[in-house]
**Q** 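The structure's right below; bear with me while I get my questions together.
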Amino acid sequence: RIDNLKPLHWYGMSKLLMDRRIFNEKLGISLRFFNVYGPGEKHKLEQGMASPISTFFHKSLLNKTKRNFSKIPIYKDNREMARDFIYIDDVCEILYYTLVNDIQNGIYNVGSGIATGWSEIAALVCEKLKIDRNNYFEPAQLPDKLKSTYQYYTKANLDKLKNAFGYHCNFTPLSIGVAKTFELDFA
């Protein structure tokens, strides 16, 4: 299945080339991380590389201190926009599991197996901050320059992870991970 993939960016291409090598040469395992979030992302905010969860908290808290501010856009398009988010502690558990167990060579998706839309994330952030979502977020059209390369939807298929690892995948619910991210990074 990895031969017919066509990455949109150089980063995706580099990941695909490594996956092909691991798969073809049976070199070990490759873990495909989906959207990892949690505390410790503040240093990535300035580069725009932090998760939407940390970004929404940061921008909302900045806006709470300003009298005039721009609302945070929640991009919409004709297609569903949702991503698979996995909390950093769950990723660490999987990494530890791979170190202490004999895992079959292969490529494994590491995500929650649940796709969550931007609006739901905004609602969780607003609930935690006790702010009115309508005052801080607004629907916006995805910029045209992003439409051809934007990844609209991700959801990890965890069947292989569960089968090969014998792993039960009791991941942190998004609402709890969002609350922990706030408490450890933004409170």
Side-chain angles (χ1 to χ4, degrees), residues 1-23 29-41 44-45 47-59 72-95 97-98 106-125 137 139-165 167-181:
R1 275 177 55 138
I2 63 174
D3 290 330
N4 59 358
L5 297 176
K6 294 180 176 82
L8 299 173
H9 301 285
W10 63 267
Y11 177 68
M13 179 57 79
S14 70
K15 289 168 55 175
L16 177 61
L17 291 173
M18 194 65 213
D19 281 352
R20 282 183 180 159
R21 183 160 184 224
I22 286 169
F23 182 79
I29 66 169
S30 175
L31 301 175
R32 286 186 177 165
F33 298 109
F34 280 63
N35 296 271
V36 180
Y37 74 96
E41 292 190 278
K44 298 190 291 184
L45 288 166
Q47 293 84 22
M49 300 301 291
S51 72
I53 294 156
S54 290
T55 300
F56 286 0
F57 272 127
H58 176 71
K59 288 182 177 180
I72 301 163
I74 300 291
Y75 292 121
K76 301 206 176 270
D77 201 19
N78 296 333
R79 297 194 252 174
E80 183 178 4
M81 296 173 128
R83 298 277 174 89
D84 185 323
F85 293 94
I86 184 163
Y87 189 63
I88 186 64
D89 288 358
D90 299 323
V91 170
C92 292
E93 276 188 41
I94 290 171
L95 289 170
Y97 190 89
T98 63
I107 301 165
Y108 300 92
N109 291 329
V110 178
S112 66
I114 300 168
T116 304
W118 303 128
S119 293
E120 186 177 337
I121 291 169
L124 289 169
V125 166
F137 293 89
Q141 284 296 314
L142 186 68
D144 288 335
K145 67 181 181 180
L146 295 178
K147 287 182 179 181
S148 65
T149 58
Y150 189 78
Q151 193 173 18
Y152 286 83
Y153 185 86
T154 63
K155 180 180 172 190
N157 179 333
L158 301 176
D159 292 343
K160 190 172 179 181
L161 180 76
K162 290 176 182 178
N163 292 334
F165 284 37
Y167 197 77
H168 298 291
C169 304
N170 294 323
F171 296 128
T172 305
L174 188 63
S175 59
I176 292 172
V178 166
K180 286 182 178 181
T181 300

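Along the sequence shown, residues are numbered consecutively beginning with 1. Keep in mind that this is a model prediction, so the values were computed, not measured.
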**Q** Before giving the answer on side chain to side chain contact (heavy atoms under 4.5 Å, CB included), spell out for Phe137 and Trp118 the whole-Å C-alpha distance, their side-chain angles and the decisive distance to 0.1 Å.
**A** CA-CA 10 Å; Phe137 293 89; Trp118 303 128; over 6 Å; no

**Q** What residues form a side chain to side chain contact (heavy atoms under 4.5 Å, CB included) with Leu158, not counting sequence neighbours?
**A**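 Per chain and number, Leu158 pairs via side chain to side chain contact (heavy atoms under 4.5 Å, CB included) with Ala156, Leu161, Lys162, Phe171.
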
**Q** For Asp144 and Lys147, run side chain to side chain contact (heavy atoms under 4.5 Å, CB included): C-alpha distance rounded to whole Å, both residues' side-chain angles, the deciding distance at 0.1 Å, then the answer.
**A** CA-CA 5 Å; Asp144 288 335; Lys147 287 182 179 181; 3.3 Å; yes

**Q** Which heavy atom of Glu41 sits nearest a heavy atom of Val36, and at what distance?
**A**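 Where Glu41 meets Val36 most closely, the heavy atoms are OE2-O, 4.1 Å.
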
**Q** Evaluate the side-chain proximity of Pro143 to Tyr75: yes if any heavy-atom separation is below 4.5 Å, no if none is.
**A**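 Yes, side chains in contact.
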
**Q** For a quick test of reading the model, state the closest non-hydrogen atom pair linking Asp90 to Asn170 and the distance between them.
**A**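 Minimum heavy-atom contact is OD1-O, 4.5 Å.
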
**Q** Evaluate the side chain to side chain contact (heavy atoms under 4.5 Å, CB included) criterion for residues Leu174 and Ile53: first the C-alpha distance (whole Å), next the side-chain angles of each, then the deciding distance (0.1 Å), finally the verdict.
**A** CA-CA 10 Å; Leu174 188 63; Ile53 294 156; 3.9 Å; yes

**Q** So do the side chains of Tyr108 and Ile94 get within less than 4.5 Å of each other, counting heavy atoms only?
**A**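 No, too far: nothing below the 4.5 Å cut-off.
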
**Q** Can you name the residues that form a side chain to side chain donor-acceptor pair (under 3.5 Å) with Ser30, not counting sequence neighbours?
**A**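 Residues passing side chain to side chain donor-acceptor pair (under 3.5 Å) with Ser30: Asp19.
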
**Q** Quick one, Ser54 with Thr181, criterion side chain to side chain contact (heavy atoms under 4.5 Å, CB included). Give me CA distance, side-chain angles, the key distance, then yes/no.
**A** CA-CA 7 Å; Ser54 290; Thr181 300; 3.8 Å; yes

**Q** Any side-chain heavy atom of Arg83 sitting closer than 4.5 Å to one from Ile121?
**A**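 Counting from C-beta outward, Arg83 and Ile121 never come under 4.5 Å.
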
**Q** Just so I know, are the side chains of Pro39 and Tyr87 near enough to count as touching, which here means a heavy-atom distance under 4.5 Å?
**A**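 Of all side-chain heavy-atom pairs linking Tyr87 with Pro39, at least one is under 4.5 Å.
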
**Q** Using 0.5 Å steps for rounding, measure from the CG atom of Asn35 to the CD atom of Gln151.
**A**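 Those atoms lie 7.5 Å apart.
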
**Q** Pro139: what forms a side chain to side chain contact (heavy atoms under 4.5 Å, CB included) with it, not counting sequence neighbours?
**A**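 In terms of side chain to side chain contact (heavy atoms under 4.5 Å, CB included), with neighbours along the sequence ignored, Pro139 is linked to Lys76.
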
**Q** What are the two closest non-hydrogen atoms of Gly177 and Tyr37, and how far apart are they?
**A**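 Nearest pair, atom of Gly177 first, then Tyr37: CA-OH, 3.3 Å.
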
**Q** Can you name the closest pair of heavy atoms from Ile88 and Gly38 and give their distance?
**A**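 Ile88 and Gly38 have their closest heavy atoms at CG2-CA, 4.2 Å.
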
**Q** Are Phe34 and Phe85 an aromatic pair by the rule of ring centers under 6.0 Å?
**A**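 Between Phe34 and Phe85, the centre distance exceeds or equals 6.0 Å.
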
**Q** Just verifying a value: how many Å separate Lys180 NZ and Thr172 OG1, rounded to the nearest 0.5 Å?
**A**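 That separation rounds to 5.0 Å.
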
**Q** Around atom CE of Met49, are there more than 12 heavy atoms of other residues, nucleotides or ligands at under 6.0 Å?
**A**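 For Met49, atom CE is not crowded (no more than 12 foreign heavy atoms under 6.0 Å).
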
**Q** Distance check, rounded to the nearest 0.5 Å: Asp89 atom CG versus Glu93 atom CD?
**A**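 So the CG of Asp89 and the CD of Glu93 are separated by 7.5 Å.
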
**Q** Which heavy atom of Gly113 sits nearest a heavy atom of Asp84, and at what distance?
**A**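 In this case the closest contact between Gly113 and Asp84 is N-OD2, 2.9 Å.
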
**Q** Determine whether Ile86 and Phe33 make a side-chain contact, defined as any pair of heavy atoms from C-beta on separated by less than 4.5 Å.
**A**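 Ile86 vs Phe33: side chains apart.
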
**Q** Considering non-hydrogen atoms only, spot the tightest contact between Gly106 and Lys160 and give its length.
**A**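 Gly106 and Lys160 have their closest heavy atoms at CA-NZ, 4.0 Å.
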
**Q** Below 4.5 Å, heavy atoms only, C-beta onward: do Ile22 and Met18 meet side chain to side chain?
**A**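 SC-SC contact between Ile22 and Met18 confirmed.
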
**Q** Quick check for you: to the nearest 0.5 Å, what is the distance between Leu146 atom CG and Tyr152 atom OH?
**A**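 Answer for the CG-OH pair, Leu146 versus Tyr152, is 8.0 Å.
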
